[in-house]
There are 2 protein chains.
Amino acid sequence: MQEGTAMSVSNTEVTIMENTAFVEVKKIQEIFELANATKNQLCPVRDIIARISDKWTLLSIYALGGYGTLRFNELKYKIGDVSQRMLTVTLRNLEADGLVKRTIYPEVPPRVEYQLTALGRSLVNQLTLLTDWATVNGEEIIKYRKLNLNK
Amino acid sequence: MQEGTAMSVSNTEVTIMENTAFVEVKKIQEIFELANATKNQLCPVRDIIARISDKWTLLSIYALGGYGTLRFNELKYKIGDVSQRMLTVTLRNLEADGLVKRTIYPEVPPRVEYQLTALGRSLVNQLTLLTDWATVNGEEIIKYRKLNLNK
DNA sequence: CGGGATCCACGAGGATACTG
DNA sequence: CAGTATCCTCGTGGATCCCG
């Protein structure tokens with residue numbers, strides 16, 4: 001653990017392997033090494049994560065994942081506190097990324113329906129796992145947070 | 001569940017079930033209904049997701065997940081383009097949430113080491129799945145994005 | 001109804017300088 | 001080395017009004 005970094009690294013890896021699959025650790029290291037090689041560009045992954053990690057994006061994907069097809073105002077109502085502008089911007093981005101399909105019905109008054117594409121649906125499955133994690137561990141995090149608030 | 005949407009909803013659910021497990025869809029719907037009942041508070045989940053979806057938070061967790069134990073500047077170097085201030089803020093938040101452990105060695109010059117807690121490591125496993133998804137589908141998203149750029 | 005366009009406030013986050 | 005403190009910029013995102 002002191003100055004000989006070679007030994008401490010291998011010790012660290014052993015410790016981590018107790019809780020994280022070794023192959024996963026390797027994968028992460030490769031991503032960072034790739035990022036170093038290409039000078040501060042954490043491959044498209046970073047860009048993708050940044051995009052979907054947006055607050056309204058996440059909620060929009062969830063809503064469409066949970067309810068299938070929604071009109072603009074239905075979606076707005078489901079999310080609750082999103083402004084009309086931000087929902088529009090969010091949906092346009094999702095459409096441009098091929099995650100959401102937008103269908104316009106040339107009626108009066110106009111009707112527009114949104115639904116996830118196959119790509120979008122495959123993402124929901126991943127995000128659901130993350131939500132499960134947050135549901136299970138949320139309380140513990142809140143507990144820590146309040147604990148540190150008193151310091 | 002509103003006026004005449006009962007039929008279209010069940011049709012929609014059938015369509016979705018082809019690609020998403022029914023139990024997952026139900027879970028999402030319950031979350032949104034809970035959010036409605038409690039007036040615009042998507043339970044702690046939303047708060048947690050918002051917190052970890054921060055750009056530097058995500059990268060810090062990944063770096064610590066991939067390399068185990070890192071000193072402040074090692075971490076800064078791995079991430080690459082994070083400012084020293086934002087890394088400090090990010091690590092303080094992660095520490096307050098119980099995801100990262102901060103160890104100070106009272107030496108001169110001072111040495112501070114960061115590593116994930118068990119809670120943090122369990123999160124890495126979830127995030128890795130998300131990264132896998134981004135790795136597989138990243139190209140397709142970029143493709144769509146460029147396609148729409150020409151419009 | 002489902003947006004587009006515009007204006008503006010505010011807070012995240014970068015740059016710089018200093019310190020235990 | 002690992003921060004803290006201060007200042008300042010710039011983009012996100014809300015409010016408002018208008019349109020097809």
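These numbers come from a predicted model, not from an experiment. Numbered from 1 within each chain, the chains take letters A, B, ... in sequence-line order.
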- Query: So, do B/K146 and B/I142 sit near enough that their side-chain heavy atoms are less than 4.5 Å apart?
  - Reply: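 A side-chain contact under 4.5 Å exists here.
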- Query: Can you find a pair of side-chain heavy atoms, one from A/L116 and one from A/V100, that are under 4.5 Å apart?
  - Reply: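 A/L116 reaches A/V100 side chain to side chain.
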- Task: Grab the two heavy atoms, one from A/T90 and one from A/S60, that are nearest each other, plus how far apart they are.
- Result: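 Where A/T90 meets A/S60 most closely, the heavy atoms are CG2-OG, 3.8 Å.
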Write down the distance between [atom1] ([X]) and [atom2] ([N]), rounded to a whole number of angstrom.
| X | N | atom1 | atom2 | answer |
| --- | --- | --- | --- | --- |
| A/K55 | C/dA12 | NZ | P | 12 Å |
| B/M86 | C/dT16 | CE | P | 17 Å |
| A/L87 | C/dC1 | CG | P | 15 Å |

- Item | Where chain A begins and ends its contact with DNA chain D, read 5' to 3' at 4.0 Å from heavy atoms |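 Listed 5' to 3', the contact boundaries are D/dG13 to D/dG20.
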Grab the N/O contacts between the protein and nucleotides 2-4 of chain C below 3.5 Å, and write none if there aren't any.
from, atom 1, to, atom 2, distance (Å)
C/dG2, OP1, A/R71, NE, 2.8
C/dG2, OP1, A/R71, NH2, 3.1
C/dG2, OP2, A/N73, N, 3.4
C/dG2, OP2, A/N73, ND2, 2.9
C/dG3, OP1, A/R92, NH2, 3.3
C/dG3, OP1, A/R102, NE, 3.3
C/dG3, OP1, A/R102, NH2, 2.6
C/dG3, OP1, A/Y114, OH, 3.4
C/dG3, OP2, A/Y114, OH, 2.4
C/dG3, O3', A/R92, NH2, 3.2
C/dG3, N7, A/Q84, NE2, 2.6
C/dG3, O6, A/Q84, NE2, 3.4
C/dG4, OP1, A/R92, NE, 3.4
C/dG4, OP1, A/R92, NH2, 2.8
C/dG4, O6, A/Q84, NE2, 3.3

- Query: Could you give the distance from CG (A/N125) to CD (B/E24), rounded to the nearest 0.5 Å?
  - Reply: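 Output value for this atom pair is 6.5 Å.
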- To the nearest 0.5 angstrom, please state how far the CD1 atom of B/I61 sits from the CG atom of B/L123.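 Taking CD1 in B/I61 and CG in B/L123, the distance rounds to 4.5 Å.
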- Task: Only one of B/T135, B/D132, B/T128 passes side chain to side chain donor-acceptor pair (under 3.5 Å) with A/K27; say which it is.
- Result: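 Result: among B/T135, B/D132, B/T128, B/D132 is the only option passing the side chain to side chain donor-acceptor pair (under 3.5 Å) with A/K27.
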- For the pair A/Q115 (side chain) and A/K101 (backbone), establish whether a donor and an acceptor sit closer than 3.5 Å, ignoring hydrogens and angles.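 Flag not set: sc A/Q115 to bb A/K101 has no pair under 3.5 Å.
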- Task: Classify the ring geometry between B/F72 and B/Y114 as parallel (under 30°), tilted (30 to 60°) or perpendicular (over 60°).
- Result: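 Aromatic pair B/F72/B/Y114 classed tilted.
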